[in-house]
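These notes are about the structure you will find just below.
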Amino acid sequence: PYTVYYPEEKVKDLDLMISGKYAGVGALIRYNFLLKNTVIDEPYENMPAAEVGLKKGDVILAIGDSSMVGKDVAYVSNHLRGDAGTTFILTIQRPSVNKKMKFKITRRSIQLPAVPYYGVQDGGVGYLNLNSFTTGCAKDVRRAFLDMKKQGMTSVTNTHLRAHEPPEHLVCWLLPA
């Protein structure tokens, strides 16, 4: 048996990793070493971040009254998350217009898709991006795989798999019957 101890302050991170669910703004953030600040990397479609108008490259300056200048991704992420339905003011610097802007954002429950995109390329080659290995991700892989077969997929490539879920639940969809 293999056991890992998670201190109480890390349990929420573990839950997010396993479930893919959290309450927040729905954006991928990253630390920009040139700017020495955390920036919006990808506001997810139909999520609060995108709905209020945040854009890739927006520099996060403050969340509410708390300065985020120079803070790392984990620190900023913890401040962006919170209870669904709570509202805060996000202050950003938009480099493309060199302007400081404020956005009122309401956190909501976010479910990250295990398979954010898939498709069939020329020649019937299917591509599936498995983004996370959360509970139930095998169902998303199955749904995408069956849809690609309906679209004429005859082979599959670049399918990213790891063994966080029993491998037979994922791999069986990639093997001939």
Side-chain angles (χ1 to χ4, degrees), residues 6-120 127-141 143-144 147-148 158-160 162 164-165:
Y6 278 91
E8 187 176 348
E9 63 272 7
K10 297 287 186 184
V11 170
K12 281 186 178 181
D13 293 337
L14 176 63
D15 187 45
L16 169 62
M17 187 172 62
I18 293 169
S19 71
K21 295 179 190 174
Y22 70 99
V25 301
L28 180 64
I29 60 174
R30 68 176 172 79
Y31 190 80
N32 182 310
F33 288 95
L34 294 174
L35 300 174
K36 296 184 175 147
N37 259 322
T38 298
V39 300
I40 301 289
D41 195 46
E42 180 183 354
Y44 297 130
E45 191 176 336
N46 300 317
M47 300 289 176
E51 291 171 352
V52 300
L54 292 176
K55 300 194 180 300
K56 180 180 180 77
D58 286 346
V59 180
I60 300 172
L61 300 177
I63 298 172
D65 294 330
S66 300
S67 173
M68 297 294 128
V69 175
K71 304 296 184 192
D72 64 22
V73 168
Y75 185 87
V76 174
S77 182
N78 283 334
H79 282 76
L80 288 171
R81 292 184 193 146
D83 294 330
T86 58
T87 301
F88 66 96
I89 301 295
L90 177 68
T91 306
I92 60 105
Q93 178 76 30
R94 181 155 294 159
S96 61
V97 293
N98 198 24
K99 185 177 178 184
K100 194 181 279 191
M101 304 168 84
K102 292 184 183 235
F103 295 90
K104 183 177 181 180
I105 302 180
T106 301
R107 295 176 182 99
R108 73 174 186 238
S109 183
I110 309 290
Q111 171 69 52
L112 299 176
V115 180
Y117 56 89
Y118 63 90
V120 179
Y127 176 84
L128 182 140
N129 179 342
L130 181 58
N131 197 37
S132 60
F133 298 92
T134 55
T135 303
C137 70
K139 286 185 250 175
D140 293 337
V141 170
R143 189 177 309 114
D147 189 35
M148 289 189 296
N158 290 339
T159 302
H160 186 89
R162 289 186 292 188
H164 287 281
E165 211 169 296

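Heavy-atom basis, side chains included; hydrogens, waters and symmetry copies ignored. Source: prediction; values computed, not measured. Along the sequence shown, residues carry numbers from 1.
Taking all atoms of both residues into account, the shortest heavy-atom contact from A49 to G26 is CB-O, 3.9 Å. Across every non-hydrogen atom of P48 and G24, the tightest pair is CG-O, 4.1 Å. Closest heavy-atom contact between S67 and Y75: O-CE2, 4.4 Å. Here the closest non-hydrogen pair linking Y44 and A50 is O-CB, 3.3 Å. Nearest heavy-atom pair across T106 and T87 is OG1-OG1, 2.9 Å. Contact between P95 and V59 at its shortest, heavy atoms only, is CG-CG2, 4.1 Å.
In terms of modelled atom types and a separation under 3.5 Å, the side chain of K56 and the main chain of E42 share no donor-acceptor contact. Under the 3.5 Å distance criterion, the side-chain polar atoms of D58 are left unmatched by any main-chain donor or acceptor of I40. With hydrogens and angles ignored, the 3.5 Å screen pairs no side-chain donor or acceptor of S109 with any backbone N or O of A84.
Atom CG of N78 sits about 9.5 Å away from atom CD1 of I63, to the nearest 0.5 Å. To the nearest 0.5 Å, atom CE of residue M47 and atom CG of residue L54 are 14.0 Å apart. Here the straight-line distance linking atom OG1 of T91 with atom NZ of K102 works out to 4.0 Å at 0.5 Å rounding. The structure places CD1 of I89 at 8.5 Å from CD1 of I105, a figure rounded to the nearest 0.5 Å. Considering CZ of F88 and OG of S66, their distance stands at 11.0 Å, rounded to 0.5 Å. Note that NZ of K71 is 15.0 Å distant from OG of S77, once rounded to the nearest 0.5 Å.
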Problem - Residue pair L61, I92: steps toward the side-chain contact (heavy atoms from CB on, under 4.5 Å) verdict - result: CA-CA 5 Å; L61 300 177; I92 60 105; 5.6 Å; no
Using side-chain contact (heavy atoms from CB on, under 4.5 Å), reason through T38 and V73 one step at a time and then give a plain yes or no. CA-CA 6 Å; T38 298; V73 168; 4.2 Å; yes
Assess whether side-chain contact (heavy atoms from CB on, under 4.5 Å) is satisfied between M148 and L128, documenting all intermediate values.
CA-CA 9 Å; M148 289 189 296; L128 182 140; 3.9 Å; yes
R30 vs N32, test: side-chain contact (heavy atoms from CB on, under 4.5 Å). Steps then yes/no. CA-CA 6 Å; R30 68 176 172 79; N32 182 310; 3.9 Å; yes
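Only one option out of R107, R81, R108 pairs with T86 in a side chain to side chain donor-acceptor pair (under 3.5 Å); it is R107.
Looking at N37 and Y31, their side chains never bring a donor and an acceptor atom within 3.5 Å of each other.
With contacts defined as side-chain heavy-atom distances shorter than 4.5 Å, the pair V97/R94 qualifies.
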